[in-house]
There are 2 protein chains.
Amino acid sequence: MKMSSGVEWALHSCVTLSQSREPVPAARLAELHGTPPAYTAKQLQALSRAGIVHSTMGQVGGYSLTRPASEISALEVVQAIDGDEPAYRCTEIRQRGPLGIPAERCSRPCAIARAMTAAQDAWSRALAQLSIADLAADIDADSDGTAMPDIRRWLTTTRS
Amino acid sequence: MKMSSGVEWALHSCVTLSQSREPVPAARLAELHGTPPAYTAKQLQALSRAGIVHSTMGQVGGYSLTRPASEISALEVVQAIDGDEPAYRCTEIRQRGPLGIPAERCSRPCAIARAMTAAQDAWSRALAQLSIADLAADIDADSDGTAMPDIRRWLTTTRS
DNA sequence: TTATCTCGGATATTTTCTATCCGAGTTCAT
DNA sequence: ATGAACTCGGATAGAAAATATCCGAGATAA
């Protein structure tokens with residue numbers, strides 16, 4: 001059970017985008033984060049499809065958040081990249097084999113599936129109550145308040 | 001982020017083993033559950049390596065639980081099959097790129113990694129407080145108390 | 001002692017994820 | 001108005017992992 005590596009890049013990209021009102025090209029985000037440019041672009045396309053970022057075409061185009069960072073949860077970003085289907089998929093073993101239970105008597109999900117769903121719900125809740133703005137604030141605090149200003153400065157001044 | 005399909009078979013196998021004091025061959029478990037025999041055996045080998053089941057060789061051999069089912073958590077079984085490494089792996093993006101932070105100033109994990117670890121901990125806790133005995137009881141209750149007696153009967157009487 | 005049954009690790013096949021490239025569309029400068 | 005440059009978007013190769021399988025090593029019972 002492992003998560004796509006693109007999730008890490010997408011979360012960092014969202015934090016970075018929260019520091020810019022201007023659109024930021026995918027190539028610029030890849031340069032800032034030291035990630036493969038073409039593949040990073042692909043993750044941003046997934047965020048666009050999920051309605052988390054908005055893409056602007058043309059010479060001064062790029063990506064920007066569609067909402068305030070405080071209203072975008074970490075869970076949304078993870079699901080946009082990694083998919084929203086649960087990690088555990090019940091194949092209804094209880095209905096198979098010599099002791100198989102007829103489907104008509106299987107109104108509730110299997111007890112094992114219920115346990116897995118409960119665990120995944122706990123995981124989802126932990127990520128749902130955390131916003132991109134929270135992450136940005138935490139990252140900034142870790143660097144004694146220099147990280148976010150540095151990003152803002154780099155985005156506005158540096159020219160590739 | 002998806003879990004190995006073998007997890008489902010392993011959990012059902014443990015529930016079944018909790019109903020038998022005699023060793024049960026892998027082929028028998030596969031027949032009962034309607035799963036691929038060879039691949040099912042592989043999952044049981046993983047459980048054996050993790051110390052959850054004990055294998056007995058020879059003509060009347062098979063697998064049996066090493067401990068009472070009430071002392072085996074669902075988390076142990078999941079980790080035995082799916083691995084115990086966390087789903088999210090931080091590649092230290094903060095140290096890369098033009099604004100990379102020197103490693104010496106990265107004593108704490110990245111804020112994003114901390115959030116992911118917290119979510120995974122919530123998931124783990126939910127599975128750790130659930131035992132194989134609990135699952136067996138829930139499955140039995142779903143069937144109005146017929147499922148576990150049926151399994152015990154099938155294991156002792158039926159002959160392939 | 002022999003034959004039969006068990007597990008265990010090493011071996012193909014399929015699927016998924018990772019990474020990349022080139023075309024469609026839009027904006028800005030001329 | 002025109003052209004040029006820069007952007008995103010989906011379709012295309014390559015790599016890694018999971019899935020599924022087989023046959024040999026070992027132990028028990030007859």
Side-chain angles (χ1 to χ4, degrees), chain A residues 1-10 13 17 20 22-31 33-66 78 80-83 85 87-89 91 155 159-160, chain B residues 1-10 13 17 20 22-31 33-66 78 80-83 85 87-89 91 155 159-160:
Chain A
M1 188 183 67
K2 72 169 201 269
M3 195 175 298
S4 165
S5 60
V7 169
E8 183 183 8
W9 311 345
S13 293
L17 288 178
S20 172
E22 307 288 315
V24 181
R28 182 65 69 90
L29 287 169
E31 181 191 358
H33 298 143
T35 53
Y39 196 33
T40 302
K42 192 170 175 51
Q43 315 300 342
L44 288 165
Q45 288 170 28
L47 293 179
S48 176
R49 250 175 278 142
I52 296 172
V53 302
H54 171 72
S55 66
T56 307
M57 282 193 162
Q59 221 162 5
V60 294
Y63 289 98
S64 53
L65 298 180
T66 58
V78 171
I81 303 297
D82 214 55
E85 52 196 60
Y88 181 87
R89 295 145 301 169
T91 62
L155 286 176
R159 201 85 195 162
S160 59
Chain B
M1 188 183 68
K2 74 170 200 269
M3 195 174 298
S4 166
S5 59
V7 169
E8 184 183 7
W9 311 345
S13 293
L17 288 178
S20 173
E22 307 288 314
V24 182
R28 182 64 68 92
L29 288 169
E31 182 191 359
H33 297 144
T35 52
Y39 196 33
T40 302
K42 193 171 173 53
Q43 314 301 341
L44 288 165
Q45 288 170 27
L47 292 180
S48 177
R49 251 175 277 143
I52 295 172
V53 302
H54 171 72
S55 66
T56 308
M57 282 192 162
Q59 222 163 1
V60 295
Y63 290 99
S64 53
L65 298 180
T66 58
V78 171
I81 303 296
D82 214 56
E85 52 195 60
Y88 181 87
R89 294 145 302 169
T91 62
L155 284 177
R159 199 86 195 161
S160 58

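Every chain is numbered from 1 and lettered A, B, ... according to where its sequence line falls, protein lines coming before strand lines. What you are looking at is a predicted structure, and each value in this text was computed from that prediction instead of being measured.
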- Mind calculating the distance between CD1 (I81(B)) and P (dA20(D)) to the nearest angstrom? 13 Å
- Task: Could you tell me whether G62(A) contacts a base, only the sugar-phosphate backbone, or nothing, with contacts defined as non-hydrogen atoms closer than 4.0 Å?
- Result: sugar-phosphate
- Message: Please find the pair of heavy atoms, one from S48(B) and one from S55(B), that lie closest to each other, and give the distance.
- Response: OG-OG, 4.3 Å
- Item | K42(A) NZ - dT12(D) C1' separation (whole Å) | 10 Å
- Message: Nearest whole Å is fine: how far is dC8(D) P from L47(A) CG?
- Response: 13 Å
- Rounded to the nearest angstrom, tell me the gap between atom CG in L17(A) and atom P in dC8(D). 11 Å
- Message: Expressed as a whole number of angstroms, how long is the span from R28(A):CZ to dC8(D):C1'?
- Response: 16 Å
- Starting at CE of M3(B) and ending at C1' of dA17(D), how long is that distance when rounded to a whole Å? 17 Å
- Message: For a quick check of understanding: with a heavy-atom distance under 4.0 Å over all strands, which category does A26(B) fall into, base, sugar-phosphate or nothing?
- Response: sugar-phosphate
- Taking CE from M1(B) and P from dA17(D), how many angstroms apart are they, rounded to a whole number? 18 Å
Give me the distances for all protein-to-nucleotides 26-30 of chain D N/O pairs that come in under 3.5 Å?
residue, atom, partner, partner atom, Å
dA29(D), O4', Q59(B), OE1, 3.0

- Item | Nearest atoms (heavy-atom pairs only) where A46(A) meets A80(A) | CB-O, 3.9 Å
- So, for G61(A) and P23(A), which heavy atoms are closest and what is the spacing to 0.1 Å? C-CB, 3.8 Å
- Say whether T91(B) and E8(A), considering side chains only, have a donor N or O and an acceptor N or O under 3.5 Å apart. yes
- Heavy-atom donor-acceptor pair, T66(B) side chain to G51(B) backbone, under 3.5 Å: yes
- Item | Pairwise distance OG1(T40(B)) to CD(E31(B)) - rounded to 0.5 angstrom | 11.5 Å
- Query: About how many Å separate CD1 of I81(A) and CD1 of I52(A), when rounded to the nearest 0.5 Å?
  - Reply: 7.5 Å
- Message: Measuring from atom CG of L65(A) to atom CG of L47(A), what distance do you get when rounded to the nearest 0.5 angstrom?
- Response: 9.0 Å
- Query: Yes or no on side chain to side chain contact (heavy atoms under 4.5 Å, CB included) for S13(A) and H33(A), after CA distance, side-chain angles and deciding distance?
  - Reply: CA-CA 8 Å; S13(A) 293; H33(A) 298 143; 3.7 Å; yes
- From the 5' end of DNA chain C to its 3' end, which nucleotides mark the outer limits of contact with chain A, defined by a 4.0 Å heavy-atom distance cut-off (strictly under)? dT18(C) to dC28(C)
- Query: How long is the line joining CH2 of W9(B) and C1' of dA20(D), in whole Å?
  - Reply: 8 Å
- Note on the structure: Judged by nearest nucleotide, the residue sitting upstream toward the 5' end of DNA chain D, P36(B) or K2(A), is K2(A)
